[in-house]
Amino acid sequence: MDKFYLEILHKDENSNARVGILHTPHGDVETPMFMPVGTNATVKTLTPEQVKACNSGVVLANTYHLHLRPGEEIVKEAGGLHKFMNYDGPILTDSGGFQVFSLASRRKITEDGVEFRNELDGGKEFFSPEIAIKIQEDLGADIIMSFDECIPYPAKKEYVLKSTERTLRWAKRGLEAHKTDQALFGIVQGGEFTDLREYAAKELAKMDFPGYSIGGTSIGEPKEVCYKMIQDAVRYLPFDKPRYLMGVGSIDYILEGIENGIDMFDCVLPTRLARHGTLMTSKGRINIQRAEFKKDFHPLDDECDCYTCKHYSRAYLHHLYKVHEDLGKTLNSIHNIRFLISLVEKAREAIKENKFKEFKEEVYKKYNDPRGF
RNA sequence: GGGUGAAUAGCGAAGUGGCCAAACGCGGCUGACUGUAAAUCAGCUCUUAAUUGUUCGGUGGUUCGAAUCCAUCUUCACCCA
């Protein structure tokens, strides 16, 4: 197996944006990149071939949900996640730290870990930093995450400090328990507080992870707060290691992240929006359910090179939505994923020419949606 | 020709004397969605600016009050000849 590392090819002269190649056991992928999310070992409504056709690199899966069903022992017996879900590119598993946030009403946090009450039969599921690592080792992704708490926003500084310190202790415990050569990332928490983000980033850097994530963003905080959290965290992370901004998938957040030196993004936004009939375009979002698209025979986005835009009209996608045909969700997901991947591809080209800021301004200028990004 | 049953908002369907402008579902129109408990969720959907006006097949009654009771007509469904 090849060694995991980020090869930085070029840094933009006018910002912190950089382009690179992430070397992984399942292939080299270019950064910055957008990673589609396949929580249950599938990017919903898409085959791996369809995901790859969007020029995907890394794809995500989720430790908590796969632990519940089918269970990591089955995935292991199947030959690991890649074989199980038939995706031969790099895979990243999230640790279950996000579920500490999203399933807050059904879990209890202690120093040792988190006890979840699962939604299937009410059974207890205990996740410790060590258990989360062990499960991820069984799942066999290329990149795995430390077990953390995704801290809600807003939260009192007193709590954010307590939680951030605990997440740091958990990162260290996970690191010590980690046995395989999968790349384990530490996760920077610290909420909206500059000093806590700095503290968390510095402490994690000392532990020398092969990569670093920034967590606890895009969970309802104002845009400016999110941008500040990114900057506060990135500043103290080692330059030559990959930086992963977790859960970010809107155009503006991705571009701001890239400008600040982020290499990896993941988000359920494109796939969820797609299933719900909202399409991302260079000019703004489209709600394909709207009556105005009934007779609109244009593609979703003139500038998009995705399979959906090449072959289907808005009218057809509107029709599929109205009659609840699964194909609509598939075609919409292909478009939204390709749209974001294409966005970061263009960003990479701009960085190589030291024109990232101009590129960003151009994207913003073209975008005209009163509802925002 | 005889009998029985039914007609409620765009559709289906509750309601069988006042709490009914009328449940609920579908359809229609809009929104939301950011490390996925999400093919989900929320709002509006007779008419008004309105506590406004007009409704429950038609007409005429009974009653303080009718979608609900009575009479009659129309249409539909099923059954008998």
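To find a chain, count down the sequence lines: A is the first, B the second, and so on, and within it residues start at 1.
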Item to complete: Record whether the side chain of A:Asn62 comes under 3.5 Å of the base of B:G35 through a donor-acceptor pair of N or O atoms.
Response: no
Worksheet item: Any donor-acceptor pair under 3.5 Å joining the side chain of A:Thr271 to the base of B:U36?
Response: yes
Discussion item. Given the ring of A:Tyr212, does A:Lys241 sit roughly above its face, with NZ or CZ under 6.0 Å from the centre of the six-membered ring and within 45° of the axis?
Written reply: no
Item to complete: Scan side-chain atoms only and decide if A:Asp232 and A:Thr194 contain a donor-acceptor pair under the 3.5 Å cut-off.
Response: yes
Worksheet item: Do A:His276 and the base of B:U40 stack face to face, with centres under 5.5 Å apart and an angle between planes under 30°?
Response: yes
[N] to [M] separation - [atom1] atoms, rounded to the nearest Å:
N	M	atom1	value
B:G57	B:A6	P	13 Å
B:U54	B:C41	P	40 Å
B:C19	B:A37	P	46 Å
B:C56	B:A7	P	14 Å
B:U48	B:U52	C1'	5 Å

[X] side chain near [N] phosphate (N/O to OP1/OP2, under 4.0 Å):
X	N	answer
A:Arg290	B:C29	no
A:Ser95	B:G35	no
A:Arg285	B:A32	no
A:Thr39	B:U36	yes
A:Lys322	B:C29	yes
A:Gln99	B:A37	yes

Item to complete: Starting from the 5' end of RNA chain B, give me the residue, A:Asn287 or A:Gln189, whose nearest nucleotide shows up first.
Response: A:Asn287
Worksheet, complete the sentence: Assert: residue with more 5' nearest nucleotide on RNA chain B, out of A:Tyr244 and A:Glu292, is A:Glu292
Worksheet entry | Side-chain donor or acceptor of A:Asp301 paired with backbone N/O of A:Met280 under 3.5 Å | no
[N] - base-pair partner by Watson-Crick or wobble geometry, distances under 3.5 Å:
N	value
B:U40	B:A32
B:C46	B:G53
B:A77	B:U4
B:A22	none

Response to the item:
Rounded to whole Å, the CE-P distance (A:Met35 to B:U34) equals 17 Å
Item to complete: Kindly say whether the aromatic ring centers of A:Tyr364 and A:Tyr367 come within a distance under 6.0 Å.
Response: no
Worksheet item: Within a reach of under 6.0 Å around NZ of A:Lys76, are more than 12 heavy atoms found that belong to other residues, nucleotides or ligands?
Response: no
